[in-house]
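Please read these numbers as outputs of a predicted model, since none were measured by experiment.
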Amino acid sequence: MKEITKLENTSLSDFKLHIGMFVLLKGHDGKDEKMRVIAGKARSLQLRTPEGPGTRPTTDRIKETLFNMIQWDIPGCTFVDLFAGSGGIGIEALSRGASHAYFVENGKEPISCIERNLTFTKFSNDATLLKQDVFTALSMIHEKEVDFVFIDPPYQAGYEEQVFGLLSGQPYVTENTVLILEAERDKKLPFLEEQGYEIVKEKKYKTNKHVFIKKA
């Protein structure tokens with residue numbers, strides 16, 4: 001597993017923002033929760049998730065539904081998991097045959113979970129872990145093209161517009177790249193059209209949704 005860590009002079013307000021991104025990220029009951037890999041080489045293996053009462057893992061049911069929609073395009077793909085939390089989404093992609101996955105996370109506990117989960121599932125050699133915030137990490141992905149970018153920012157934080165704006169300028173995000181946003185069910189995304197994107201599919205669940213987006 002490749003690891004890239006960037007240390008910067010960080011203001012107190014930025015530090016609080018980064019901590020907030022971790023606290024809101026994934027998990028929900030404050031316990032050392034476990035999720036599982038749904039299918040593929042690591043099928044049924046249990047994954048650790050970060051501790052913390054404000055975290056929220058993508059449930060196995062929703063993860064299975066998501067990958068059922070994209071499973072035929074996963075083998076051989078390059079997959080990017082932003083706000084990665086436990087790394088469960090990227091690991092699912094690797095289990096189903098992705099050639100490489102990037103995990104972007106800057107929280108201490110989530111990073112530890114990703115490292116342990118990659119070791120346990122034996123996918124460390126197929127992964128790059130970028131240990132910094134998403135806004136810094138996007139320019140550190142050096143690929144000609146990536147196939148999928150999964151984006152699961154903390155709800156209510158309002159990072160979506162900035163993230164998509166930065167992604168639009170990355171050379172590896174092409175007209176073939178599928179961007180998948182996990183968001184609250186009623187989340188509005190009026191900025192997408194202005195930034196040159198189009199929504200190609202939307203899958204709604206009880207309280208959230210997956211929005212499939214491509215460059216127009």
Side-chain angles (χ1 to χ4, degrees), residues 1-7 18-19 21-27 33-42 45-52 55-60 62-63 66-67 70 74-143 145-154 157 159 163 166-167 170 172-173 177-182 210:
M1 174 178 61
K2 299 177 183 177
E3 296 182 3
I4 302 176
T5 305
K6 186 170 182 179
L7 299 177
H18 295 168
I19 294 298
M21 287 170 65
F22 159 59
V23 170
L24 289 170
L25 240 147
K26 294 181 185 281
E33 223 181 300
K34 291 185 178 181
M35 308 292 285
R36 66 187 176 95
V37 181
I38 304 298
K41 291 181 285 187
L45 292 183
Q46 299 293 312
L47 301 177
R48 293 185 179 274
T49 62
E51 296 181 5
T55 58
R56 52 171 185 84
T58 299
T59 66
D60 284 350
I62 290 178
K63 183 167 63 176
L66 168 64
F67 277 92
I70 62 175
I74 292 296
C77 81
T78 301
F79 197 99
V80 178
D81 188 356
L82 302 182
F83 305 96
S86 66
I89 296 295
I91 288 172
E92 187 72 33
L94 289 171
S95 182
R96 293 171 183 251
S99 63
H100 197 82
Y102 288 84
F103 298 83
V104 179
E105 180 55 66
N106 71 336
K108 181 179 178 181
E109 288 296 328
I111 286 171
S112 177
C113 281
I114 293 170
E115 291 174 332
R116 294 173 70 178
N117 287 336
L118 286 171
T119 298
F120 181 60
T121 55
K122 297 181 171 59
F123 290 134
S124 295
N125 291 336
D126 302 313
T128 298
L129 174 56
L130 300 175
K131 299 178 182 180
Q132 57 260 317
D133 66 84
V134 166
F135 311 110
T136 301
L138 291 180
S139 63
M140 302 181 72
I141 296 172
H142 303 295
E143 297 282 349
E145 180 179 75
V146 302
D147 300 286
F148 291 96
V149 181
F150 183 77
I151 308 147
D152 186 15
Y159 297 143
V163 171
L166 290 171
L167 281 169
Q170 302 304 321
Y172 54 80
V173 177
T177 304
V178 179
L179 310 172
I180 305 171
L181 173 67
E182 183 166 320
H210 283 136

### Task
List for me each residue that meets side chain to side chain contact (heavy atoms under 4.5 Å, CB included) alongside A137, sequence neighbours excluded, and say none if there are none.
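Counting only residues at least two positions away or on another chain, A137 forms a side chain to side chain contact (heavy atoms under 4.5 Å, CB included) with V104, L130, Q132.
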Is there a side-chain contact between [X] and [Y], using heavy atoms and a 4.5 Å cut-off?
| X | Y | answer |
| --- | --- | --- |
| I38 | S95 | no |
| V163 | V134 | yes |
| L138 | V80 | no |

### Chi angles and distances behind the side-chain contact (heavy atoms from CB on, under 4.5 Å) call for I89, D152
CA-CA 10 Å; I89 296 295; D152 186 15; over 6 Å; no
### Query
Where do I62 and H210 land on the side-chain contact (heavy atoms from CB on, under 4.5 Å) test, with the steps shown first?
CA-CA 9 Å; I62 290 178; H210 283 136; 3.4 Å; yes
Can you give me the closest heavy-atom contact between [X] and [Y], atom names plus distance?
| X | Y | answer |
| --- | --- | --- |
| F103 | G87 | CE2-O, 3.3 Å |
| A93 | I74 | O-CG2, 3.4 Å |
| T78 | D147 | N-OD2, 2.7 Å |
| L166 | F135 | CD1-CD2, 3.8 Å |

#### Entry: Pairing residues for E143 by the side-chain hydrogen bond (donor to acceptor under 3.5 Å, both in side chains) criterion, not counting sequence neighbours
Y102
### Message
side-chain contact (heavy atoms from CB on, under 4.5 Å), that's the test. Do T128 and I141 meet it? Break it down for me.
### Response
CA-CA 9 Å; T128 298; I141 296 172; over 6 Å; no
### Task
Report the C-alpha separation of V173 and L179 in whole Å, then their side-chain angles, then the decisive distance to 0.1 Å, and conclude whether the side-chain contact (heavy atoms from CB on, under 4.5 Å) test is met.
CA-CA 9 Å; V173 177; L179 310 172; 4.3 Å; yes
